[in-house]
Amino acid sequence: MAGRYNRTNYSSYLNDEPMPDATSEKEQGNEYFKQKKFAEAVECYSRSIALSPTAVAFANRAMAYLKLRRFEEAENDCTEALNLDDRYVKAYSRRITARKGLGKLKEAMDDAEFAVSVDANNPELRKQYSEIKALLMEKMAKRSSVQAKHTISEFDKAGDRKNITSHAPSDPQKDSFMEVDLPGRAAAGIRELSGGVSKGGSGVSLKDNNMQQSRDAKQKPGPEISVQELASRAASRYISSTVKSVKTPKTAYDFEVSWRAISDDLTQQIQLLKSIRPERLPEIFKDALSSAFLIDIVKCTASIFRDDAVLAVSILENLAKVSRFDLIIMCLSPMHKSGMFELCCPF
């Protein structure tokens with residue numbers, strides 16, 4: 001009797017204590033987060049994810065990691081959240097913060113641009129976008145400034161070489177070679193010196209020219225290109241270097257980042273579009289296809305039609321299956337509708 005009684009009580013005890021579930025663990029994590037117990041919150045969110053992984057749970061744990069300044073774990077959790085829901089704006093916002101903490105400004109900028117395109121009226125996203133853009137431009141400006149200073153230093157070293165200021169080249173071919181490597185003033189001095197020797201009685205003495213060259217060499221020439229222009233060139237080189245490593249996009253975000261990077265290269269855009277199986281387009285874009293990208297894709301598809309009509313038609317047929325496609329077409333301006341009609345005429 002005693003044994004049965006104990007077993008009954010134990011069974012009743014188990015029934016009275018609810019088993020933990022993903023939702024309750026997540027809610028407990030939220031409570032810990034409010035109390036600023038971030039380590040405990042991480043543990044609760046981890047149990048919630050183990051029971052049932054969701055985008056919200058991953059994004060919440062990422063936020064707790066950010067508070068603990070564990071930026072790499074936060075970035076990874078945001079990526080997991082976006083793999084489950086590629087339109088989850090909070091995950092983008094938190095990954096921007098994580099990547100900023102890791103110094104990944106280019107990747108943070110990609111996130112910010114896409115997130116703003118998804119939710120243009122979100123003040124927090126717009127603030128992050130402005131901050132990351134300013135940091136990225138500052139970084140590029142510093143890099144360009146260092147490059148400019150290095151170039152000026154090389155010019156100074158070239159101007160201070162004694163063999164340049166004390167000997168006039170006698171061979172006209174050597175004259176041309178020297179002019180390429182020297183600063184403008186030093187090269188001009190050598191040309192003047194060469195002319196004086198060949199004419200003999202020109203009134204320009206070797207000593208006077210040497211002294212003039214020495215004075216010119218000591219004057220540091222200022223950079224002819226502005227820091228802003230150098231930064232712009234550095235940005236262009238950086239973007240062009242990323243084009244070579246474009247991968248087949250798996251989400252609308254991946255597509256937009258890759259497409260923006262090759263926006264001025266139709267050949268690259270065609271290759272990117274060809275890398276995607278047409279039947280996967282509805283899965284990739286879901287409800288994230290914008291009118292601007294629709295127009296761009298149709299333009300690109302018109303170019304594909306010349307070489308592969310079957311593929312071009314298949315792309316258009318599957319684009320029409322993307323969520324909200326009819327609404328996008330309805331919202332196009334008359335000018336864009338007319339342009340779309342003209343582009344689709346070959347089909």
Side-chain angles (χ1 to χ4, degrees), residues 21-34 38 41-42 44-68 70-102 104-133 247-260 276 280-293 322-325 327-328:
D21 60 83
T23 302
S24 62
E25 289 291 350
K26 178 172 67 68
E27 290 174 352
Q28 183 60 54
N30 292 343
E31 289 300 318
Y32 279 132
F33 188 90
K34 291 176 184 177
F38 304 121
V42 166
C44 289
Y45 293 137
S46 297
R47 287 193 291 269
S48 177
I49 290 168
L51 292 165
S52 177
T54 64
V56 173
F58 274 114
N60 284 3
R61 189 171 71 174
M63 191 63 190
Y65 278 138
L66 287 176
K67 294 295 184 180
L68 295 169
R70 293 167 62 175
F71 298 120
E72 187 172 354
E73 290 95 330
E75 181 190 23
N76 292 338
D77 271 1
C78 290
T79 301
E80 291 295 336
L82 292 170
N83 286 337
L84 294 169
D85 181 1
D86 63 356
R87 304 282 290 177
Y88 191 26
V89 171
K90 285 186 178 180
Y92 283 114
S93 177
R94 290 166 191 177
R95 192 164 71 173
I96 291 169
T97 303
R99 287 178 166 177
K100 176 184 174 184
L102 291 169
K104 298 180 177 180
L105 296 181
K106 177 62 173 62
E107 292 83 352
M109 191 64 187
D110 289 340
D111 280 346
E113 287 180 343
F114 184 78
V116 168
S117 72
V118 172
D119 189 359
N121 297 321
N122 189 313
E124 180 61 26
L125 289 177
R126 298 190 72 82
K127 179 182 176 183
Q128 285 184 302
Y129 174 86
S130 299
E131 289 176 351
I132 297 299
K133 184 177 181 180
K247 297 180 181 178
T248 301
K250 296 181 180 179
T251 65
Y253 169 78
D254 293 339
F255 182 89
E256 180 163 346
V257 170
S258 299
W259 195 266
R260 286 182 185 276
I276 306 169
R280 290 204 64 243
L281 290 172
E283 177 188 345
I284 288 174
F285 285 109
K286 297 180 181 177
D287 61 347
L289 181 62
S290 65
S291 58
F293 278 100
V322 173
S323 177
R324 300 190 309 117
F325 177 83
L327 181 62
I328 295 171

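Residue numbers start at 1 and run along the sequence shown.
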*When you look at L68 and V42, which way does the side chain to side chain contact (heavy atoms under 4.5 Å, CB included) test go after all the steps?*
CA-CA 10 Å; L68 295 169; V42 166; 4.1 Å; yes
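- Contact annotation: the side chain of K100 approaches that of E131 to within less than 4.5 Å [non-hydrogen atoms, C-beta and beyond].
- Under the side chain to side chain contact (heavy atoms under 4.5 Å, CB included) criterion, E27 pairs with T23, sequence neighbours left out.
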*How far apart are the C-alpha atoms of I276 and F255, what are their side-chain angles, what is the distance that settles it, and do they pass the side chain to side chain contact (heavy atoms under 4.5 Å, CB included) test?*
CA-CA 10 Å; I276 306 169; F255 182 89; 3.9 Å; yes
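- Ring centroid separation for the pair F33 and F38 comes in under the 6.0 Å cut-off.
- For F71, the side chain to side chain contact (heavy atoms under 4.5 Å, CB included) partners are L66, R69, L102, not counting sequence neighbours.
- Residue K26 places its NZ atom among more than 12 non-hydrogen atoms of other residues, nucleotides or ligands, all under 6.0 Å distant.
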List the atom pairs, donor and acceptor, that lie under 3.5 Å between side-chain atoms in residues 87-94 and the rest of the protein, sequence neighbours left out.
from : atom 1 : to   : atom 2 : distance (Å)
Y92  : OH     : D86  : O      : 2.8
S93  : OG     : Q128 : OE1    : 2.8
R94  : NH1    : A59  : O      : 3.0

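- Applying the side chain to side chain contact (heavy atoms under 4.5 Å, CB included) criterion to S130, with sequence neighbours excluded, gives no partner residue.
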*asked:* Working note: Y129 + M109, criterion side chain to side chain contact (heavy atoms under 4.5 Å, CB included); need CA distance, chi angles, decisive distance, verdict.
replied: CA-CA 7 Å; Y129 174 86; M109 191 64 187; 3.3 Å; yes
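- You'll find the side chain of E75 reaches within 4.5 Å of the side chain of K104, heavy atoms only.
- No cation-pi contact links R95 to F114, judged by a cut-off of 6.0 Å to the six-membered ring centre and 45° from its axis.
- Taking the side chain as every heavy atom from C-beta outward, T79 and F58 never approach each other to under 4.5 Å.
- Each salt bridge (charged side-chain N to carboxylate O under 4.0 Å, His left out) pair with one or both residues in residues 112-126, not counting sequence neighbours, would appear here, but there are none.
- For the salt bridge (Lys or Arg N to Asp or Glu O under 4.0 Å) test, residues two or more places apart in sequence or in another chain that qualify with D110 are K106.
- For the atom pair CD1 of I284 and CG of D254, the computed distance is 8.5 Å after rounding to the nearest 0.5 Å.
- Counting heavy atoms from C-beta outward, L82 and T251 have side chains that stay 4.5 Å or more apart.
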